[in-house]
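Written out below as structure tokens is the structure these notes cover.
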Amino acid sequence: MVDQVIGSVSTGRLTLFQKIGAARQQSAALRQFLSLILTLLIASAIVVGVEWIARGEFSAVLPYLLSPSRPGFTTIGLVMLVMLMLDALLGRAHLSALIVAPLALIPAFISSQKQNYLSDPLYPSDFLFGRQIVELMPVMVRDRPWTAVALTIGTIAAAAALVILWRQAWQRSTTLSHRARMARLSVCLPLAGLFISQMDPTQYSYIREKLRIIPIVWDQTENYSYNGFIIAFSLNLPMADVKSPAGYGPDAMDAIPARNYGYLSGPRQKPDVIMLMSESLWDPTRLTNIAFTPDPMPTIRTRQSGNVFSPEFGGMTANVEFEALTGFSNAFLPYGSIPYQQYVRRPMPSLATFFRGEGYSARALHPFSGWFWNRNEVYRAFGFEEFHTEETMPAMDKRGMFASDDSLMKEIMREGDGSERPFFFFAVTLQGHGPYEANRYAENTVEIIGNLNDDDRETLATYAQGVREADDSLKMLMDWAEKRERETIIVLWGDHLPPLGQVYPNTGYMPQQVATRKAPLDIMKQEHETPLVIWSSKKGVRKDIGTISPSQLPYQLLKTAGYEHPFYTGFLGRAQKKYNMVDRYQLATRDNKTFPDWARNEQTIDPIVRDYRYLQHDMMFGRQLGLERFFPSHARLVDQSS
């Protein structure tokens with residue numbers, strides 16, 4: 001009997017302990033759940049604050065957060081993820097808010113002020129140009145003195161409040177158990193790693209698409225508007241890491257040989273120069289198992305000087321343009337970067353400043369909006385005197401959505417006829433832009449022979465007709481030039497292969513819809529070469545150039561025009577004697593000898609490539625130590641403007 005009573009009491013106590021344990025577990029789970037809810041609310045408040053400050057008005061915040069097609073909730077989830085990881089590392093719940101909030105809100109405020117004065121949002125790469133941010137402050141003080149005073153007082157007060165809050169929060173915040181910290185890290189770290197792996201804007205990402213994140217790298221204003229400040233800023237982070245090359249400094253710059261061409265006066269009669277970067281111009285007859293009747297590009301074929309090896313495929317036009325106008329190379333910049341958007345923040349040497357130094361007028365023409373690819377600001381930095389866009393040009397005939405090449409050539413001829421001084425015109429065409437929808441043209445005059453499905457045939461028919469019209473437009477421009485008294489030099493090339501979609505794999509030209517970034521030279525040429533024409537109305541075609549990077553175009557142009565220059569013909573001339581292709585994954589010589597992965601070890605880089613990188617870094621990010629020796633005309637223009 002006694003044993004039964006003792007057993008009954010023991011069983012009761014065990015049941016009681018189990019109930020107490022279960023209650024504690026439920027209470028702990030409830031506390032964890034409530035803690036997560038509070039973290040979510042704090043993250044939401046931070047995102048609302050960031051977007052409100054960055055956009056300048058609250059009415060623009062709600063559409064961003066509530067639209068199912070935009071990454072508002074993704075941004076909240078990202079901020080929450082960061083907070084949970086920081087809490088786990090600190091061992092205190094919600095203490096991360098005092099770190100995350102200032103780190104998010106302060107850049108958002110700087111971005112809003114930058115947009116007020118410079119029309120651009122804040123980029124990670126702006127911190128490479130800290131002096132500009134400092135220089136912006138006196139402008140703001142002069143324009144809004146009371147705002148500056150309030151900002152100073154507010155900054156001091158906020159810093160003091162943050163210190164006090166931190167001390168109070170540390171003492172009163174809930175301590176996280178070791179188990180809770182490990183649980184948070186085990187979940188959050190893999191998710192953070194997955195998110196980071198999807199943020200390369202140059203690569204397609206299914207996960208990123210499902211999160212409603214769409215990199216709009218060609219228009220950063222829209223990029224920030226659509227994706228929000230935090231996501232857009234994150235998308236630009238990979239491009240901000242531009243390190244000084246090993247060994248760069250005054251001694252290294254002084255050691256680069258520079259020939260003085262100051263005693264040369266150039267050609268007796270200065271020729272007019274027209275550079276035409278033709279949108280998506282490519283030779284479609286290269287497609288396997290397909291024939292075209294008639295030849296869609298007879299003028300280009302008979303006057304072809306060689307090929308341009310485009311560093312891009314199907315887009316990123318501005319990167320090709322950057323190389324052609326400056327003689328610099330994307331190979332020395334972070335993969336995925338867009339110099340026009342991230343790095344052109346000060347006057348930079350270009351063909352425009354060279355020709356202006358020779359007494360030319362320098363104009364850029366593009367029948368689209370000037371904000372696209374940030375060209376308004378970039379062309380000003382490059383030294384163009386005028387930039388004519390669709391807003392300032394006469395009304396142009398259209399082919400589908402885009403201005404026709406024929407109309408652009410007529411505008412070039414009209415402006416050329418009205419120019420008293422020798423001129424340098426740089427024009428970017430638009431007609432060849434994709435997508436290549438059916439029935440863009442009233443009549444397709446190029447017959448396609450081969451086994452194609454209906455969709456591929458329609459795409460290719462539209463593209464081939466565009467090439468035919470681009471070729472006809474070039475012939476019209478050349479006919480005009482031949483009748484002129486002054487020599488006219490025309491340089492035309494395609495910026496990249498067209499985005500033809502399934503046409504490439506379905507015809508067997510290449511295995512995927514897009515080109516590879518890294519492959520043997522013959523495959524890279526097949527997937528990246530575009531036609532190049534360098535022609536003079538007096539001397540004819542410049543022959544046998546071979547395949548060159550866009551950065552070699554200034555050398556070929558100035559040699560054709562009869563000019564010499566310390567960088568464009570001197571240094572680039574020495575570089576092209578050894579390497580005609582400079583790509584971030586491989587160098588290639590004229591006899592097709594390749595050096596893949598050349599950039600992995602800075603200690604073994606060829607001295608000519610090393611010096612090339614030094615010069616570019618010096619002009620773009622450094623102290624411009626080589627400005628006077630290598631870019632004297634640019635130096636003079638900068639002195640005159642200052």
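With rounding to the nearest 0.5 angstrom, the CD1 atom of Ile207 is 4.0 Å from the CD atom of Gln198.
Side-chain atoms of Thr389 and His366 include no donor-acceptor pair closer than 3.5 Å. When only modelled atom types and interatomic distance are considered, Ser404 and Glu469 share no side-chain donor-acceptor pair under 3.5 Å. Under the 3.5 Å distance criterion, with hydrogens and angles disregarded, a donor-acceptor pair is assigned to the side chains of Thr317 and Asp495. For the 3.5 Å distance criterion, the side chains of Thr429 and Glu279 fail to qualify, holding no donor opposite an acceptor. For the residue pair Glu458 / Tyr436, no side-chain donor-acceptor distance below 3.5 Å is found, with atom types taken as modelled. Between the side chains of Ser244 and His617, at least one donor-acceptor pair of N or O atoms lies under 3.5 Å. Counting only N and O atoms by type, the side chains of Ser310 and Glu312 include no donor and acceptor under 3.5 Å apart.
For Tyr612 and Phe332, the distance between ring centers is under 6.0 angstrom. Checked against the 6.0 Å centroid threshold, Trp52 and Phe58 count as a close aromatic pair. Ring to ring, Phe309 and His528 are close: their centroids are under 6.0 angstrom apart.
The number of heavy atoms from other shown groups lying within 6.0 Å of CD (Gln512) does not exceed 12. Dense packing is recorded around CG of Asp522, with more than 12 heavy atoms of other residues, nucleotides or ligands lying under 6.0 Å away.
At a threshold of 4.0 Å, the pair Arg399-Asp406 does not count as salt-bridged, since none of the basic side-chain nitrogens sits closer than that to a carboxylate oxygen. Glu321 and Arg375 are joined by a salt bridge, as a carboxylate oxygen and a charged side-chain nitrogen come within less than 4.0 angstrom of each other.
Side chain of Glu323 to main chain of Ser549: no donor-acceptor pair is present (N/O by atom type, distance under 3.5 Å, no hydrogens or angles). No donor-acceptor pair closer than 3.5 Å links the side chain of Ser551 to the backbone N or O of Gly327. For Tyr509 (side chain) and Asn289 (main-chain N/O), no donor-acceptor pair under 3.5 Å exists by modelled atom type.
The two residues Thr462 and Arg440 make their nearest non-hydrogen contact at CG2-CB, 3.8 Å. Minimum interatomic distance between Pro311 and Asn330 (heavy atoms only, all atoms of both residues): CG-ND2, 4.2 Å. Scanning both residues, Leu211 and Pro71, for their nearest heavy atoms gives O-CB, 3.6 Å. Considering all non-hydrogen atoms of both residues, Gly508 and Thr288 come closest at C-OG1, 3.6 Å. Across every non-hydrogen atom of Ala104 and Phe229, the tightest pair is O-CE2, 4.4 Å.
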Subject >> side chain to side chain contact (heavy atoms under 4.5 Å, CB included) assessment of Leu84 paired with Leu185 >> reply: CA-CA 8 Å; Leu84 290 174; Leu185 289 176; over 6 Å; no
Subject >> Residue pair Asn236, Gln342: steps toward the side chain to side chain donor-acceptor pair (under 3.5 Å) verdict >> reply: CA-CA 8 Å; Asn236 285 314; Gln342 281 94 18; 3.2 Å; yes
**OP:** Kindly determine whether His433 and Ser280 satisfy side chain to side chain donor-acceptor pair (under 3.5 Å), including the steps that lead there.
**Re:** CA-CA 6 Å; His433 205 290; Ser280 298; over 6 Å; no
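Within the 4.5 Å cutoff, no side-chain heavy atoms of Leu65 are placed close to those of Phe73.
In this structure, Arg55 satisfies the cation-pi test against Tyr64, with its NZ or CZ atom closer than 6.0 Å to the six-membered ring centre and inside 45 degrees of the ring normal.
Relative orientation of the Tyr463 and Trp282 rings is tilted, given thresholds of 30° and 60° on the angle between their planes.
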